[in-house]
Amino acid sequence: MIWQLDLALLIIVVISAIAAITVKDLLSSAILLGVYSFLLCLLWTEMGAVDVAFTEAAVGAGISTAFFIGMIYQTTRRTKD
Amino acid sequence: MINRIDNIIIQTVCRLLVPPIQLFALYVIAHGHYSPGGGFQGGCILGASFILMVMAYDIKEAKRMMSEKLNTILSSVGVMIYAGIGALCLILGANYLDYGILHKIFSVAPAKARALGTLGVEIGVGITVMAVMVSIFLNIASGGEHEQ
């Protein structure tokens, strides 16, 4: 474990999480959640939890991004609030 | 609803990408007890390869490849494999999912029987996860209007 790399990854994770809930475009929000999942996957790999990181890459970044994009087809692309 | 857009670049790239993805998914399922991975992750990757085909073509084409009926049957068969292996261990007189007892019917060493039992359970989990992921995506993408 390298704490400088941990800290840098954690800061980018927090930034992408905040960006995902503040952005108005729903498609950008879904892609930012995918970015968040991949960064979390990197963080877990760096901490040595390879199995958790693999699950996060397969489910969080792969499948759930596809589900969100399929969901955006059903609604408008921009949020009202 | 996902409308069909005939774009030859997207369709060709998806056709080329799907076999390596499925091969990798089968590797993840079969190699799950030696390395990171297992039934759940492999099933997710296998479902993702199918979702890629749905996105490149449309839902009608996906129904032609895998109908709703086949999807439901596959998701039940996976659970049946999982529960069946567990119940087989119960019938032979051990605990639920205690694979070591399976050496009585497969005529291999107990350690080998344990490894093979884990592989069988992961194959069942992978089939179920694949079918359920595809069915969730088809239900979301078609807005619930899903003719049989």
Side-chain angles (χ1 to χ4, degrees), chain A residues 1-2 5-6 9-10 13 16-17 20-21 23-81, chain B residues 1-5 10 14 17-18 21-22 24-29 31-59 62 118 122 125-126 128-146:
Chain A
M1 273 178 64
I2 313 165
L5 188 57
D6 273 352
L9 279 174
L10 204 57
V13 163
S16 63
I21 57 171
V23 76
K24 293 290 180 196
D25 192 355
L26 285 179
L27 190 60
S28 313
S29 187
I31 300 300
L32 277 168
L33 272 179
V35 171
Y36 166 82
S37 289
F38 260 121
L39 288 171
L40 217 51
C41 162
L42 271 182
L43 192 62
W44 273 325
T45 313
E46 205 271 328
M47 285 178 166
V50 188
D51 215 348
V52 184
F54 195 11
T55 312
E56 181 74 33
V59 181
I63 291 276
S64 70
T65 307
F67 284 172
F68 281 133
I69 290 174
M71 206 63 232
I72 291 169
Y73 273 102
Q74 304 298 317
T75 175
T76 56
R77 195 165 151 189
R78 294 189 63 83
T79 62
K80 298 286 192 300
D81 49 348
Chain B
M1 184 64 109
I2 296 179
N3 296 314
R4 187 183 179 115
I5 304 164
I10 293 177
C14 285
L17 268 181
V18 162
I21 292 176
Q22 289 183 342
F24 180 64
L26 292 180
Y27 167 78
V28 168
I29 292 178
H31 221 252
H33 43 288
Y34 300 117
S35 61
F40 186 71
Q41 290 96 325
C44 275
I45 299 172
L46 209 57
S49 74
F50 196 78
I51 289 173
L52 190 65
M53 288 303 277
V54 179
M55 283 183 157
Y57 292 89
D58 61 348
I59 292 179
T118 314
E122 279 181 355
V125 172
T128 300
V129 170
M130 187 265 293
V132 169
M133 288 294 166
V134 171
S135 116
I136 290 176
F137 183 78
L138 285 182
N139 274 315
I140 287 179
S142 63
E145 298 158 1
H146 212 43

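Chain A is the first sequence line, chain B the second, and so forth, proteins listed ahead of strands; every chain is numbered from 1. We use all heavy atoms of the structure for the numbers below, so side chains are in, but hydrogens, waters and symmetry mates are not.
Across Ala66(A) and Ile51(B), no two heavy atoms sit closer than the pair CB-CG2, 4.1 Å.
Among residues 25-50 of chain A, the residues having any heavy atom closer than 4.5 Å to a heavy atom of chain B are, in sequence order, Val50(A).
Using a 4.5 Å cut-off between heavy atoms, Ile140(B) contacts chain A through both its backbone and its side chain.
Under the side-chain hydrogen bond (donor to acceptor under 3.5 Å, both in side chains) criterion, the residue pairs touching residues 38-55 of chain B are Asp51(A)-Gln41(B), Thr55(A)-Gln41(B), Gln22(B)-Ser49(B), with sequence neighbours excluded.
In this structure, Phe67(A) CZ and Asn139(B) CG are separated by 10.0 Å, a value rounded to the nearest 0.5 Å. Note: Cys44(B) SG to Phe54(A) CZ = 10.0 Å, rounded to the nearest 0.5 Å.
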